[in-house]
Amino acid sequence: MSDFKSNNKVVNWIEERLPVFSMMQHSAIEYPTPRNLNYWWNFGSLAAVMLIIMILTGLFLAMNYSSHTSLAFDSVERIMRDVNYGWLLRYLHANGASMFFILVYIHIFRGLYYGSYKAPREILWFIGIAIYLAMMATGFMGYVLPWGQMSFWGATVITNLFSAFPVVGDFIVTLLWGGFSVDNPTLNRFFALHFLLPFIIVGLVVLHVWALHTVKSNNPLGIDMKGPQDSIPFHPYYTIKDLFGIGLFLMFYLAFVFWAPNFFGEPDNYIPANPMVTPPHIVPEWYYLPFYAILRAFTFDLPLLPAKLQGVLAMFSAILILFALPWLDTSKVRSAKFRPLYRQFFWLFLANALVLGYVGGKPAEGFLVTLGQMCTAYYFAHFLIILPILGKIEKAKPLPASISQPVVKAAALIAMIMVGLAGFGGEAQANSGEGPALKKPATAFSWEGVFGQYDKAALKRGWQVFHDVCSNCHAMKLVAYRNLADIGFTADEIKAFAAEKEVPAEPNDEGVVVNRPARASDRIVAPFANDKAAQAANGGALPPDLSLMAKARVAGPYYVYSLMLGYEDAAPEGHPIPEGKFFNHYFPGNAISMPAPIMDDIVSYTDGTKATKEQVATDIVTFLNWAAEPELDARKSMGVKVMVFLGVLTALMFALKRQIWKDLH
Amino acid sequence: MADQAHNAQPSSVDGQTRRDFLLYATAGVGVIGTGLALWPFVHSMNPAADTLALSTTDVDISTIKPGQSVTVVWRGKPVFVRHRLPEEIATAEQAASADLRDPQKDADRIKKPEWLILVGVCTHLGCVPLGQKPADPRGEFGGWFCPCHGSHYDTSGRIRKGPAPKNLPVPPYQFTSDTTVRIG
Ligand code: FES
């Protein structure tokens, strides 16, 4: 180790006092790595990169976030709307969480396939599980912070898990909450812990790498390196290979950030938390779904072991059982390559886990309950029955004498699995599509597609509809008058719009609050002073705020479009509608309090466009989508530039990697 | 490791050039990309759009009597609005520029002689100078006195004595009517 010598005096001076250079030389440059690692071995370094991105984006988000229940939701929206590049930071962070789990799941399954948990790598494996557990806790608490409906109800459900434990259960739950329900103290402590845990993960990662460098990397053949001919130095071979992998991964990750930033999210989380109303279908984030399915699989009470406790114990056991894996798997052969039977069971186990995830994302009804129970049984059987027996009866194929050349071309399979997992993640989140198929406008909305941008004229017309019609009942409190500059209004026009309304001024010198005309910097003034007044004026039903409407419903823009045009003058036969309600095909339950808001010529457009009701619906939906996603134009055009850049960089890295590896093959 | 190190060496001179080119090109593009990627992070710490939008303050000056001052908040900072007396205006106009550390004519610091409007933040290290209230010390030049390290400002808000390097700055403002001023 102390063979490190440099010509640089300063380097030597530091080295003698703190051997950082020899350590880097030893562990990042010379580190002898099996020469036959395939692309599945990229995922460890990818996860490390993802961790760094999460910490960086998280740090800058924290600078703008307020962890108080009355401010949290709006502070996140302020990040999205007002903070410079705030939308980018938040979408990087939110999608980054899903990416982190995709990477780590692949990393774990790679370990399962190639037997990376077997001697002498048990401790390396344990630390990995600890990282995974810490990630789950971090991800869960992070999801609570935006304080939307899913945040709140997710927090309620997950913290209530602990109430299943006899005697201490309620004590633990109260301790987690700091009150009698999920509330401000809960949010505050979750924020503090969410900030802390990633740094604990960093510490665990250091241990993980330390353990790795002690026992050295496993490899696709699962046999030990027998001598120098089996290994190559980490640098430059694996540095460039990892960098190339990072380039590919970034393109995959950023495609979501720039074009489908809410793919993994739940529309309900764009509705502020309401402790009085639970959304009809609540699901955890996709990466917990298999465990959620295990939790729900237990429905029969046993003496001393109520179903609730069984489920909770099973869920925790499902993860903790991984700690026993090095001993449950009795085979001495590591790689599934040489274990014809285990290989089949590996894929079965993976499929089983995916089915569990699917079941976890659906309502617990009918056949799905049984399916979940069968899969749960199989999950445990895999570890407790199949693996111990396999090791005894399986006849492994002969192992090669030493590590040979083959570098398995895993790239295509990896791409498939990443896309598959991502699709699974998004699909598992999607609400089961109740209700009729939604209407679509004759021509697609202008902002759809890879390059689609808002149609400015439609936005202006949409504002006119909002201004003349919707705003008589609906608020839009996240949008300020000044924002209308984005859709092409001049400063004077904006001033005039603002001045139509009044807001309370600062108390004057006598302490009296008088009203002043609203200014461009004010938020759009709500039609009613408060929710109660709004309810009273609307027959008891509160017209929802429209700021995020296009994002807060499944398929938001189409839903609103359909709703606008989905009225029926009289309720159809067999669908009685209560007094004072109206029939709408697309509203859940069909009975809506809002009378049909638009009709032909309800506005006369200043630009002369004919105001058919389809036109009006298209325009208002365009405007509402802009109100919900004002960053969309900037996001997509940045996305195109970033992708072109990453394409070039990744191609260069690929060429360089080929050049470096050429002499090895 | 020594015996593998040669593996990393390209087999020909041609390969060497190609490899060097790729190495520098990749490193260059990578460094540029990283640099560009850092900008959103840095820029997120600049004032946000809502913060920038709150940058005007309206002041009703009809109630400020000659000789009086009021302090209003503009962009989170105190702004001094002083209704100057004729003699204060006269001393401000007569100051010889040789006596001034940061020479500026009084006429360049006002829009209407009786109204002096200044950002009330000492140009030394940011304290708020005294002199707004009748009982406050106003320093040797009858304007403002900064208690932190003893800077004296005159009736035009110019630095006359003490460690501060510059005059109290004049914020952008306009008279929107005879009785109101919009700062910002
Ligand atoms: S801050 Fe005013 S004199 Fe130093």
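A, B, ... follow the sequence lines: proteins, then strands. Residue 1 opens every chain. What's counted below: heavy atoms across the whole structure, side chains too, no hydrogens, waters or symmetry copies.
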- Answer whether the closest heavy-atom distance between the side chains of B:Phe41 and A:Leu59 falls below 4.5 Å. no
- Task: Supply the atom-to-atom distance B:Ser44 OG to A:Tyr85 OH, rounded to the nearest 0.5 angstrom.
- Result: 10.5 Å
- Message: Exactly one of A:Leu652, A:Leu656, A:Ile240 should register a side chain to side chain contact (heavy atoms under 4.5 Å, CB included) with B:Leu23. Which one does?
- Response: A:Leu656
- Query: When you look at CZ of A:Phe252, are more than 12 heavy atoms from neighbouring residues, nucleotides or ligands closer to it than 6.0 Å?
  - Reply: yes
- Item | Pick from B:Pro47, B:Ala53, B:Ala25, B:Pro40 with the largest number of heavy-atom pairs that fall under 4.5 Å of chain A | B:Pro40
- Task: Run the numbers on A:Arg519 and B:Asp58 for side-chain contact (heavy atoms from CB on, under 4.5 Å), then give the verdict.
- Result: CA-CA 11 Å; A:Arg519 302 190 192 114; B:Asp58 287 318; 3.5 Å; yes
- Item | Atom group of A:Leu61 that falls short of 4.5 Å from chain B, counting heavy atoms | neither
- Message: If you compare all heavy atoms of B:His43 against all heavy atoms of A:Asn84, which two are closest, and at what distance to 0.1 Å?
- Response: O-ND2, 3.0 Å
- Heavy-atom pairs under 4.5 Å with chain B, option from A:Met653, A:Arg78, A:Arg81, A:Glu506 with the top count: A:Arg78
What donor-acceptor contacts under 3.5 angstrom involve side-chain atoms of residues 171-178 of chain B, with partners at least two apart or in another chain?
unit_1: B:Tyr173; atom_1: OH; unit_2: B:Lys111; atom_2: N; d: 3.2
unit_1: B:Thr176; atom_1: OG1; unit_2: B:Thr180; atom_2: O; d: 3.3
unit_1: B:Thr176; atom_1: OG1; unit_2: B:Thr180; atom_2: OG1; d: 2.8
unit_1: B:Ser177; atom_1: OG; unit_2: B:Thr179; atom_2: N; d: 3.2
unit_1: B:Ser177; atom_1: OG; unit_2: B:Thr179; atom_2: OG1; d: 3.4
unit_1: B:Ser177; atom_1: OG; unit_2: B:Thr180; atom_2: N; d: 3.2
unit_1: B:Ser177; atom_1: OG; unit_2: B:Thr180; atom_2: OG1; d: 2.9

- Has A:Lys216 got more than 12 heavy atoms of other residues, nucleotides or ligands less than 6.0 Å from its NZ? yes
- Just wondering, are more than 12 heavy atoms of other shown residues or ligands nearer than 6.0 Å to NZ in B:Lys166? no
- Side chain, backbone, both or neither: which part of A:Asn483 has a heavy atom under 4.5 Å from chain B? neither
- Message: Heavy-atom cut-off 4.5 Å, strictly under: side chain, backbone, both or neither for A:Ala480 against chain B?
- Response: neither
Anything under 3.5 Å between a donor and an acceptor, one on a side chain of residues 140-151 of chain B, the other on a protein residue two or more places apart or in another chain? List them.
unit_1: B:Glu140; atom_1: OE1; unit_2: B:Lys161; atom_2: NZ; d: 3.2
unit_1: B:Glu140; atom_1: OE2; unit_2: B:Lys161; atom_2: NZ; d: 2.7
unit_1: B:Trp144; atom_1: NE1; unit_2: B:Gln132; atom_2: OE1; d: 2.9
unit_1: B:His149; atom_1: ND1; unit_2: B:His124; atom_2: ND1; d: 3.1
unit_1: B:Ser151; atom_1: OG; unit_2: B:Ala164; atom_2: N; d: 3.1

- Query: Is it the case that more than 12 heavy atoms not belonging to A:Met63 sit under 6.0 Å from its CE atom?
  - Reply: yes
- Select one option (side chain, backbone, both, neither) describing which atoms of A:Leu89 are under 4.5 Å from chain B's heavy atoms. side chain
- Message: Nearest 0.5 Å, please: how far is CD in A:Gln659 from CD in B:Gln16?
- Response: 9.0 Å
